[in-house]
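First comes the structure, then the notes that go with it.
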Amino acid sequence: MRDGTVARKYAETIFELGLLQGSPESYGDALREVADLLDAEPKFRLFLETPRIDDGKKKALVRQVFGDTLPKHVVNFVLVTIDKGRQRLLRDITAQFAALLDEHLGREHVEVTVARPLDDAARNMIAERLSKVLGKDAIPHIRVREDILGGLVVRTGDTIYDGSLRRRLEGMRSRMLEAELPAGAAGGA
């Protein structure tokens, strides 16, 4: 089985457990904490992922680091990934879990590219309008790229809405170049 498929199965399992416990958001936060530590501390990640290190030592460290701070079921889940040799997938599992949680809560992450930095009011307006258009709670991720000149470009999943000034100007230029000259304009007077 491919790693992506395995990560998805593990994420679905812990997500279902989070739903049964009535706290999928807290499970998501806990998994994010584990993934963040793996990203921030390469030695910790290497320790957990090295096959030569005894699983008992890995599990003892996980209990020591997370035992008092994370939900018991999440700690046990991390221990199971060690038992199954899947701890290297914890970051992928976390990403898959986040996608499942977003779907469950009716949220959609949207990449929004603008020409200039936005203030909070503009960010909120964009989020509200995108939420209405998408029929979901839109979570915009704003990126600034001056080369679009103005307007905005929205990407959600595989769909791109290009409302940039650059695209509009390029379209206008193309239409002008394609326009036929009026009869007699080429011959001069």
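This structure is a prediction, so every number in the text was calculated from the model and none was measured.
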Is the shortest heavy-atom distance from the side chain of L101 to the side chain of R107 under 4.5 Å? yes

Are L134 and L152 linked, directly or through intermediate hydrophobic residues, by side-chain heavy-atom contacts shorter than 4.5 Å (ILVMFWY only)? yes

Go through the steps for Y10 and K84 under the test side chain to side chain contact (heavy atoms under 4.5 Å, CB included), then give the verdict. CA-CA 11 Å; Y10 274 75; K84 300 293 184 182; 3.3 Å; yes

Shortest non-hydrogen contact from Q96 to A11? CB-CB, 3.5 Å

Are V110 and I139 grouped together when hydrophobic residues (ILVMFWY) are joined by side-chain heavy atoms under 4.5 angstrom apart? no

Calculate, to the nearest 0.5 Å, the distance between atoms CD1 and CD belonging to I160 and E111 respectively. 8.5 Å

V112 vs R143 side-chain heavy atoms within contact, under 4.5 Å: no

Side chains of K136 and D102, heavy atoms from C-beta outward: is any pair under 4.5 Å? no

With a cut-off of 6.0 Å (strictly less than), are more than 12 heavy atoms of other residues, nucleotides or ligands near CZ of R32? yes

Is the closest side-chain heavy-atom distance between F66 and V34 below 4.5 Å? yes

Can you tell me if CD on E25 sees more than 12 non-hydrogen neighbours from other groups inside 6.0 Å? yes

Side chains of E41 and R45 in contact at under 4.5 Å (non-hydrogen atoms): no

Is there a path from L89 to L100 through hydrophobic residues (I, L, V, M, F, W, Y) whose side chains come within less than 4.5 Å of each other? yes

